[in-house]
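One structure below.
Quick note on labels: first sequence line is chain A, next is B, and so on, each numbered from 1.
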Protein chains: 2
Amino acid sequence: MNAKEVAELSGLSVRALHHYDEIGLLSPKRNAENGYREYSEEDLDKLQQILFFRQCGFSLERIKKLLSNPRFDRAGAFELQKKHLMLEKERIETMLGTLERTLKTIKGEDSMSQRERFKGFDFSYNPYEEEARQLWGDETVEKSNDFIASKSDREKKDMEKVLDKLFRELAEIRDEDPDSDLAQEAIDKMYKVFNESFGHYYSLESFAALGNMYVMDDRFKENIDKYGEGLAEFLSKAMQDYADRQSEG
Amino acid sequence: MNAKEVAELSGLSVRALHHYDEIGLLSPKRNAENGYREYSEEDLDKLQQILFFRQCGFSLERIKKLLSNPRFDRAGAFELQKKHLMLEKERIETMLGTLERTLKTIKGEDSMSQRERFKGFDFSYNPYEEEARQLWGDETVEKSNDFIASKSDREKKDMEKVLDKLFRELAEIRDEDPDSDLAQEAIDKMYKVFNESFGHYYSLESFAALGNMYVMDDRFKENIDKYGEGLAEFLSKAMQDYADRQSEG
DNA sequence: ATATACTATGACGTTGCGTAATAGTCAAAT
DNA sequence: ATTTGACTATTACGCAACGTCATAGTATAT
């Protein structure tokens, strides 16, 4: 499917589709001969998800992260989106009420408090943002960024050395099943190194979230995948499994 | 009422209120001593209107023009806004349906065409824009601006001379009733001068819209009111009446 | 009198595209 | 065979509606 067709189908403009490609939100395959974009079934699927989330008021950057998060699940997304739409419907009904009452107030048949006159308009706060965080988490990203930023150059170099060695070892087993004993032992070591190296303790939850960060945040993903294609994905899954195992047992 | 209070009431940010003041959309009086903004009852009234129109997808610039248009009436606005909200509600219901069906399709309990999968998302086109134009009109503004821009300096000077004479005459009767015979005769002359002077024919509708432009567009209003305070208002009404009369008879 | 909460203006940044400008591609009609 | 029309690409600048500082003045409570 070409750009025009997708545009007509979705109600977006072709420029918007280009934009989504530019920012890496939806990058369809290209025709090798002419470089034209070719949207597959999967792309359309993803686009629908994007539109739903956009309707929920998420930024494109945020949607990108959500969809690329390996912990993301469609069922949860559907629940979230449904909840949003129902609230949205309620808000509109509230506004319709406000509208009717305002009309009557003008005619002198009714009277309203100032607060009542603006009922239904407040849509600055996004409650789904919080819910999405809890569902698929990523608050540790900023936390960790802050931590790194707080270190001296000397400390950073030490950290890099330790991490370099660690990631090389991990890269060698990146084709194993993330849930295998071999992988889990390596992750156990990783968990300990992390807690020793970085003056602060990682809870299992934070550790899992950190794994998420490896695939969600491009800056991390790129650096990690330098040790081997797919390492970031492997680590993300293995770390999640590790956290699940430890907290259960 | 100060900025913070209005912000909390309306759900807007203080910065947004500043912005509305900057662009001349909502400029409350200032406290003479400290320069603080002080929002009156009328300002809150206007703000509510602004929020309703914004909800309908109008740009702030557009809202500004609508509200400053003398033909603007609240009853019409309410109808428009109500219509919008009901459509919006319908769209949400459509999207909820799309959402449910998509979920079922994933489970394999249903199947959808591509077109169905995107039902409810298309909100690029704004049907109210057209309706608003018909209610209160202003498309001739740009048309006329383009026309003026296309003329040579020589032609512009000629135009100015003719208009200068015309407006001086009109300014003398600006206190008459716009619907009076005296006023209407003058407007008839004006209509003929316009059609002769500017190489293109003004339909009655366009002529009336042009009158509107005189009060809506600040650049025109200022120039016209130089001939006499209130001339723009007078012309706007008289031209509208003229158009109504001619098209009836 | 100083902390806290508000206010002002100015200026630059951001999101999500729109709008050309320029150039290449493809299919159909001449 | 080429011209036309509809499509595609990339590059680049533009814009609305604010957000986000920075800086500075004001009000008021402790």
I need the [atom1]-[atom2] distance between [X] and [N], as an integer number of Å.
X        : N       : atom1 : atom2 : answer
Lys64(A) : dT15(C) : NZ    : C1'   : 14 Å
Glu22(B) : dA11(C) : CD    : P     : 11 Å
Leu12(B) : dG19(D) : CG    : P     : 9 Å
Arg62(B) : dA17(D) : CZ    : C1'   : 18 Å
His19(A) : dG18(C) : NE2   : P     : 10 Å
Lys29(A) : dT8(D)  : NZ    : P     : 20 Å
Ile23(B) : dA16(D) : CD1   : P     : 9 Å
Phe58(B) : dA17(D) : CZ    : C1'   : 17 Å

List for me each residue that meets side-chain hydrogen bond (donor to acceptor under 3.5 Å, both in side chains) alongside [X], sequence neighbours excluded, and say none if there are none.
X         : result
Thr102(A) : Gln48(B)
Ser27(B)  : Asp21(B)
Glu41(A)  : Gln114(B)
Ser13(A)  : none

With B for base contact, S for sugar-phosphate-only contact and - for none (protein heavy atoms under 4.0 Å), nucleotides 20-30 of chain D reads B----BSS---
[X]: what forms a side chain to side chain contact (heavy atoms under 4.5 Å, CB included) with it, not counting sequence neighbours?
X         : result
Glu100(B) : Lys82(A)
Ser111(B) : none
Lys104(B) : Glu109(B), Asp110(B)
Ile23(A)  : His19(A), Leu25(A), Leu60(A)

Please enumerate all protein N or O atoms sitting under 3.5 Å from an N or O of nucleotides 2-4 of chain C, with distances to 0.1 Å.
none

Does the pair Lys4(A)/Glu8(A) count as a salt bridge with the N-to-O cut at 4.0 Å?
yes
Do Arg91(A) and Glu88(A) sit within salt-bridge range, that is, some charged N less than 4.0 Å from a carboxylate O?
yes
Any [X] side-chain nitrogen or oxygen under 4.0 Å from OP1 or OP2 of [N]:
X        : N       : result
Ser13(A) : dG18(C) : yes
Asn2(A)  : dT8(D)  : yes
Arg37(B) : dC6(C)  : no
Arg30(A) : dT10(D) : yes

The side chain of Lys4(A) lies closest to which of these nucleotides: dC6(C), dC18(D), dT8(D)?
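Within the option list, the nearest is dT8(D).
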As a test of reading the structure: which of dA8(C), dT10(D), dG16(C) is closest to the side chain of His18(A), going by heavy atoms?
dT10(D)
Check each residue of residues 44-51 of chain B for a non-hydrogen atom within less than 4.0 Å of any atom in DNA chain C, then write out the ones that pass by number, or none.
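Within this stretch, nothing sits under 4.0 Å of the strand.
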If you assign each of Val14(B) and Leu17(A) to its closest nucleotide in DNA chain C, which residue comes earlier from the 5' end?
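Residue closer to the 5' terminus by nearest nucleotide: Val14(B).
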Residues forming a salt bridge (Lys or Arg N to Asp or Glu O under 4.0 Å) with Glu90(A), sequence neighbours excluded:
none
Has Thr105(A) got a side-chain atom pairing as donor or acceptor with Arg101(A)'s backbone, closer than 3.5 angstrom?
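It does hold such a pair.
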